[in-house]
Structure formats: C-alpha cells, structure tokens
Amino acid sequence: YNSFPFATPYSQTLIEHWNGTAWTIVASPNTSATENNSLSAVACTSASDCWAVGSTIQHWNGTSWAIVAGGYFNSVTCTSASDCWAVGGGIEHWDGISWAGVTSLGGDLKSVTCAAASECWAVGQYNPGSGVMPLIERWDGTSWAMVASPFGNLNAVTCASASECWVVGDNGNEEYRAFIAQWNGSSWSAVGSTPAPDPNSLSYLNAVTCASASQCWAVGSYFTGSGNQTFIAQYTSPVPPLTAVVSRMTHGTRPFDIDLPLSGTRGIECRSGVGGVSGNYSIVFTFVNTLQSAGAASVSSGTGTVSSSTIGPNPNQYTVNLTNVITGQYIAVTLNSVLDVAGNTGDVVSPQMGVLVGDTTADGFVNSADISQTKSQSGQAVTTSNFREDVTVDGSINSADISFVKSKSGTALP
C-alpha cells in the first residue's frame with residue numbers, strides 16, 4: 001500500500017495460486033517491510049518450477065517462493081527449466097544455474113516471449129537522445145539485435161510460431177489509439193484496422209496471448225469520457241474460402257462430379273462407388289486460393305474411413321478418398337489446419353453429402369421413379385446430363401444399372 005489510510009506506507013508483493021477450484025494467496029518474500037516490493041509477471045515450466053519478476057526475481061520450487069536476484073523487471077518467459085529470460089531495464093538470462101545480464105540496447109522493455117529457444121522477442125521503448133522510440137529486440141540463439149519496428153508504444157508481445165508474432169500497445173501519437181502489429185517471419189507491419197468499442201476514444205492494449213495460430217486475445221482499456229472501461233479484442237484468422245465441393249467419380253475414362261452445395265439443399269451421391277465397388281468415394285474441395293499445406297483429413301459425421309488425402313489435382317484443390325461408406329446416411333469430411341497462400345488458415349468442413357445408392361432423381365428415396373429414369377437412359381452415352389443413371393460407374397448405362405437400382409428400391413435417407 002502506498003499511502004494513507006493504509007497502515008503500511010510501502011508496497012509488498014502479492015502472489016496467488018489457482019488449484020483448479022479457487023484462487024488463494026500464497027506467501028511471497030519481500031526484501032524489507034520498509035522498502036517497496038512488487039511483482040509484474042510470472043512464468044512456469046512445470047508445477048514445481050515457476051519464476052516471478054518485478055523488483056526482484058523469485059523462484060517457486062513446488063513448496064515455497066524465494067528471492068533469487070534483485071533488479072527491475074517487467075516480464076519473464078521460459079522455454080525450459082534451464083532457459084528463461086527476464087526483461088525490464090535490460091535483459092537477463094537463466095541458464096539453469098544462475099541469472100546473468102545479456103548485452104542489449106537497454107531502454108525499458110515491457111514484454112518478452114519465445115517461439116523457440118533460438119527465437120525470442122522483447123518489446124518496449126528507448127531514448128536514443130532524440131526522444132522516446134519504440135523498441136523491438138530479437139534473440140537468434142546467439143545475440144540480441146534491434147529490429148525495425150512499426151510506430152507506437154509497445155506494451156506486450158506473443159508468438160504463435162516463429163513466423164507469426166503479435167505486439168500490442170497504442171499508436172503513440174496524440175490520438176492514443178489501440179495498436180496491433182504482426183510479424184510474418186520477415187518483417188513487422190501494423191494491422192490495418194484495430195477494433196475498439198469506440199474508435200474515436202483513447203484506447204490501448206496491455207497484453208496479448210495466442211491459443212493457436214488462428215486464435216489470439218488482446219486486453220486493455222478505452223476512455224468513455226467518464227472513465228476507463230475494459231477492452232478485449234479477439235483475432236481469428238480467416239478460414240481458407242471455398243468455391244465448391246463435389247463428389248467425383250470416373251465413369252469409364254471420364255470424371256463426373258455431383259455438386260455438394262455450400263448452402264441450401266444437400267447433394268445426394270447415388271453411385272455405387274469407384275469401379276462399381278460399393279463404399280469408395282472421392283470428395284474434392286476447390287478453394288479460392290492456392291493451398292500451401294493441410295493437416296490430416298477426417299470423417300466428422302457419418303460412417304466412413306479416410307483412406308488417403310492430398311492437395312490436388314489442381315493447386316487450389318484438395319482431394320479426400322473415402323472407403324467403407326455406407327448407403328442411407330449423411331456424411332461430412334473435415335480438413336484440418338488448411339493454409340492458403342493468402343495466409344488464411346483453419347479447419348474446413350465439407351457440406352453434408354447424402355449417400356443413397358440408386359437415388360438417381362436425388363429426392364431422398366429409391367423407388368419406381370429412379371427405375372424409370374434409369375430405363376429411359378439405357379443404351380445412351382454417359383454425359384453430364386445422365387451420368388447419375390450410370391450407378392455402377394462403368395461408363396455405360398445398361399441393364400446392370402437398372403438391376404442395381406431395382407435392388408435398392410425402398411431405401412431412403414433419414
């Protein structure tokens with residue numbers, strides 16, 4: 001406590017612990033009851049190895065907190081039990097044995113984070129003699145070096161990966177508007193539009209963290225004229241946009257697609273499977289942009305197995321091959337962690353595909369209407385207008401297709 005009416009005229013440290021149910025105060029040491037003490041940040045590598053920094057550096061060994069060193073620190077981060085960084089009026093490193101100062105530009109560093117042991121960032125400000133300037137320093141595994149930074153007061157930094165980091169603060173001029181910038185692996189750039197409850201009010205962001213490359217949170221406050229209010233901003237990267245999803249099969253030598261609309265009425269796959277083998281299907285996703293990568297594909301609803309998946313046949317397409325797909329159901333496929341060249345990333349889910357072998361009319365039932373439609377096309381060449389009647393997918397519409405549809409008569413989608 002800093003002033004009257006509290007009995008103690010000096011600040012003292014406060015540490016609280018969450019045990020899964022509630023927060024409780026844990027005893028924390030101070031240099032003296034007649035000296036100001038404070039703690040600004042905490043980081044843990046395990047339940048029995050944590051560091052807290054402020055006017056001292058303190059360590060938790062699983063049982064109690066103890067002062068290890070003194071100084072002035074705003075932030076701490078660890079990549080392992082033997083690799084931690086603390087920043088404030090300078091930069092110090094923990095090597096598993098002791099804390100030691102590391103050469104840096106100095107200044108007032110407010111935040112530090114590491115994407116890896118050889119990829120760390122510290123942000124804040126410094127005064128080269130011409131006024132206060134934003135400061136970003138980068139650790140490459142050997143030394144810290146200054147990196148050109150976007151204009152602004154920088155309060156916090158976090159990294160989702162070595163090629164995606166974020167800094168937050170305010171723009172630093174007379175407007176004092178919330179400020180966000182992104183590292184793309186080669187340079188920092190200010191985000192064009194930073195959300196705020198009132199875009200014309202004073203606002204700033206104090207902290208930022210990412211749960212994944214596609215979801216980050218920043219917190220701070222904005223001024224309403226009568227006082228400061230809380231301000232929370234969320235970042236979710238745009239999911240790679242789709243233009244179409246189809247079920248593709250080759251009839252003889254020519255492929256034909258059944259459209260699976262992205263919205264509205266669900267598409268129905270009536271064919272028996274690749275080469276007439278029931279249960280094998282290929283779902284082709286077509287994206288707006290060329291794809292860079294994608295994780296594993298999975299069946300997210302319905303019964304079936306992903307046998308293989310790959311980018312292609314075109315650079316903006318992704319094909320998922322399914323087997324063991326039963327008829328009389330709706331099935332959907334999820335592509336995990338899709339990334340396109342525009343930087344859009346996320347999980348992409350296909351529209352549900354109705355699987356009802358023999359339903360050439362796509363009305364959800366196999367009955368006399370399907371049999372009659374298949375008979376009407378018997379002997380005709382397979383084209384874009386009648387390929388649904390080639391339910392055996394052999395490149396011909398004939399008695400085999402008619403018999404196949406008859407055998408499925410009476411079945412329906414749920």
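No experiment lies behind these values; they were computed from the predicted model shown. Just the heavy atoms: all of them, side chains too, but no hydrogens, waters or symmetry mates, feed the values below.
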Asker: NE2 of His17 to CH2 of Trp60: how many Å apart, nearest 0.5 Å?
Answerer: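 Rounded to the nearest 0.5 Å, the NE2-CH2 separation comes to 7.0 Å.
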Asker: Measuring only between side-chain heavy atoms, which start at C-beta, is Thr323 closer than 4.5 Å to Val325?
Answerer: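 In short, these two side chains do not touch, never coming nearer than 4.5 Å.
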Asker: Please report the closest heavy-atom contact between Leu291 and Gln317, naming both atoms and the distance.
Answerer: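 For Leu291 versus Gln317, the nearest heavy atoms are CD1-O, 3.8 Å.
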Asker: Could you measure the distance from the CD1 atom of Ile232 to the OG atom of Ser221? Nearest 0.5 Å is fine.
Answerer: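 So the CD1 of Ile232 and the OG of Ser221 are separated by 11.5 Å.
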Asker: Which one of Asn386, Asn398, Thr360 satisfies the side-chain hydrogen bond (donor to acceptor under 3.5 Å, both in side chains) criterion with Gln377?
Answerer: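 That would be Asn386; it is the only one of Asn386, Asn398, Thr360 passing the side-chain hydrogen bond (donor to acceptor under 3.5 Å, both in side chains) with Gln377.
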Asker: Of the non-hydrogen atoms in Phe179 and Ala190, which two are nearest, and what is the gap between them?
Answerer: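 Looking at all heavy atoms of both residues, the shortest contact is CE1-CB, 3.9 Å.
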Asker: Can you tell me how the ring of Tyr235 sits relative to the ring of Trp166, calling it parallel under 30°, perpendicular over 60° and tilted otherwise?
Answerer: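 If you compare the ring of Tyr235 with that of Trp166, the planes turn out tilted.
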Asker: Given 3.5 Å as the limit, does a donor-acceptor pair link the side chain of Asn336 with the main chain of Ala296, or not?
Answerer: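 Yes, the answer is positive, given that a donor and an acceptor are paired below the 3.5 Å cut-off.
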Asker: Taking the inter-plane angle between the rings of Trp139 and Trp144 on a 0 to 90° scale, is it parallel (under 30°), tilted (30 to 60°) or perpendicular (over 60°)?
Answerer: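 Judged by the thresholds at 30° and 60°, the geometry between Trp139 and Trp144 is tilted.
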Asker: Would you call Leu335 and Phe287 a side-chain contact if the rule is heavy atoms closer than 4.5 Å?
Answerer: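 Heavy-atom side-chain distance check passes, below 4.5 Å.
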Asker: For the CD atom of Glu269 and the CG atom of Asp359, what is their distance to the nearest 0.5 Å?
Answerer: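 It comes to 10.5 Å.
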Asker: If you compare all heavy atoms of Val382 against all heavy atoms of Gly395, which two are closest, and at what distance to 0.1 Å?
Answerer: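 In terms of heavy atoms, the two residues are closest at CG2-O, 3.4 Å.
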Asker: When you measure from the side chain of Arg388 to the backbone of Thr374, do you find a donor-acceptor pair of N or O atoms at a distance under 3.5 Å?
Answerer: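 No.
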Asker: Verify whether one side chain among Tyr318 and Thr310 offers a donor that lies under 3.5 Å from an acceptor in the other.
Answerer: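 The criterion, which ignores hydrogens and geometry beyond distance, is not satisfied for Thr310 and Tyr318.
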Asker: Assess the residue pair Arg271 and Ile258 against the criterion (side-chain contact (heavy atoms from CB on, under 4.5 Å)); give the C-alpha distance rounded to whole Å, side-chain angles, the decisive distance to 0.1 Å, and a yes or no.
Answerer: CA-CA 10 Å; Arg271 298 167 292 185; Ile258 289 178; 3.6 Å; yes
Asker: So among Asn37, Thr31, Asn30, which one has a side-chain hydrogen bond (donor to acceptor under 3.5 Å, both in side chains) with Thr13?
Answerer: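 Exactly one candidate clears the test, Asn30.
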Asker: Does the pair Cys159/Cys210 show an SG-SG distance of less than 2.5 angstrom?
Answerer: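 Unbridged: Cys159 and Cys210.
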Asker: Please check if the side chain of Trp94 supplies one atom and the backbone of Ala81 the other of a donor-acceptor pair under 3.5 Å.
Answerer: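 At least one qualifying donor-acceptor pair exists.
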Asker: Are Thr303 and Asn324 packed together at the side-chain level, in the sense that at least one heavy-atom pair is separated by less than 4.5 angstrom?
Answerer: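 When only atoms from C-beta onward are counted, Asn324 and Thr303 do not touch, as no gap falls below 4.5 Å.
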Asker: For Met146, is there any backbone N or O sitting under 3.5 Å from a side-chain donor or acceptor partner on Arg138?
Answerer: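 Not a single qualifying donor-acceptor pair exists.
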Asker: According to the interplanar angle, ranging from 0 to 90°, do the rings of Phe256 and Phe387 count as parallel (below 30°), tilted (30 to 60°) or perpendicular (above 60°)?
Answerer: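 Rings of Phe256 and Phe387: parallel, as their planes differ by under 30°.
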Asker: Using modelled atom types only, decide if a donor and an acceptor are shared between the side chain of Ser75 and the backbone of Val112 within a distance under 3.5 Å.
Answerer: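 Yes, the answer is positive, given that a donor and an acceptor are paired below the 3.5 Å cut-off.
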Asker: How long is the straight-line distance from SG of Cys270 back to CG of Leu356, given to the nearest 0.5 Å?
Answerer: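 Leu356 atom CG to Cys270 atom SG measures 8.5 Å (nearest 0.5 Å).
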Asker: More than 12 non-hydrogen atoms from neighbouring residues, nucleotides or ligands closer than 6.0 Å to OH on Tyr72, yes or no?
Answerer: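 Yes, the 6.0 Å shell around OH holds more than 12 heavy atoms from other groups.
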Asker: Could you tell me whether the side chain of Ser80 and the main chain of Ser82 form a donor-acceptor pair under 3.5 Å?
Answerer: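 Here the side-chain-to-backbone pair exists.
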Asker: One pair to check against salt bridge (charged side-chain N to carboxylate O under 4.0 Å, His left out): Glu389 and Lys375. What are the steps and the verdict?
Answerer: CA-CA 9 Å; Glu389 284 70 66; Lys375 284 182 177 179; over 6 Å; no
Asker: With a 2.5 Å cut-off on the SG atoms, do Cys78 and Cys84 make it?
Answerer: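 Yes, Cys78 links to Cys84 through a disulfide.
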Asker: Classify the side-chain pair Ser385/Thr383 by whether it contains a donor and acceptor separated by less than 3.5 Å.
Answerer: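 Yes - a donor-acceptor pair under 3.5 Å links their side chains.
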Asker: Are Ser55 and Asn36 packed together at the side-chain level, in the sense that at least one heavy-atom pair is separated by less than 4.5 angstrom?
Answerer: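 A side-chain contact is absent here, since even the closest heavy-atom pair is not under 4.5 Å.
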Asker: Please confirm whether the backbone N or O of Phe404 pairs with a side-chain atom of Ser407, one donor and one acceptor, at under 3.5 Å?
Answerer: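 Judged by distance alone, yes, a pair lies under 3.5 Å.
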Asker: Keeping Asp401 on the side-chain end and Val405 on the backbone end, is there a donor-acceptor pair under 3.5 Å?
Answerer: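 A pair under 3.5 Å: no.
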Asker: Locate the shortest heavy-atom distance separating Val157 from Ser111; write the atom from each residue and the value.
Answerer: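 Reported closest heavy-atom pair: N-OG, 3.0 Å.
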Asker: Are the side chain of Asn314 and the backbone of Asn316 linked by a donor-acceptor contact shorter than 3.5 Å?
Answerer: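 Between the backbone of Asn316 and the side chain of Asn314 there is no qualifying donor-acceptor contact (under 3.5 Å).
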Asker: Please check if the side chain of Asp370 supplies one atom and the backbone of Gln373 the other of a donor-acceptor pair under 3.5 Å.
Answerer: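 Pair absent, no side-chain N/O of Asp370 close to backbone of Gln373.
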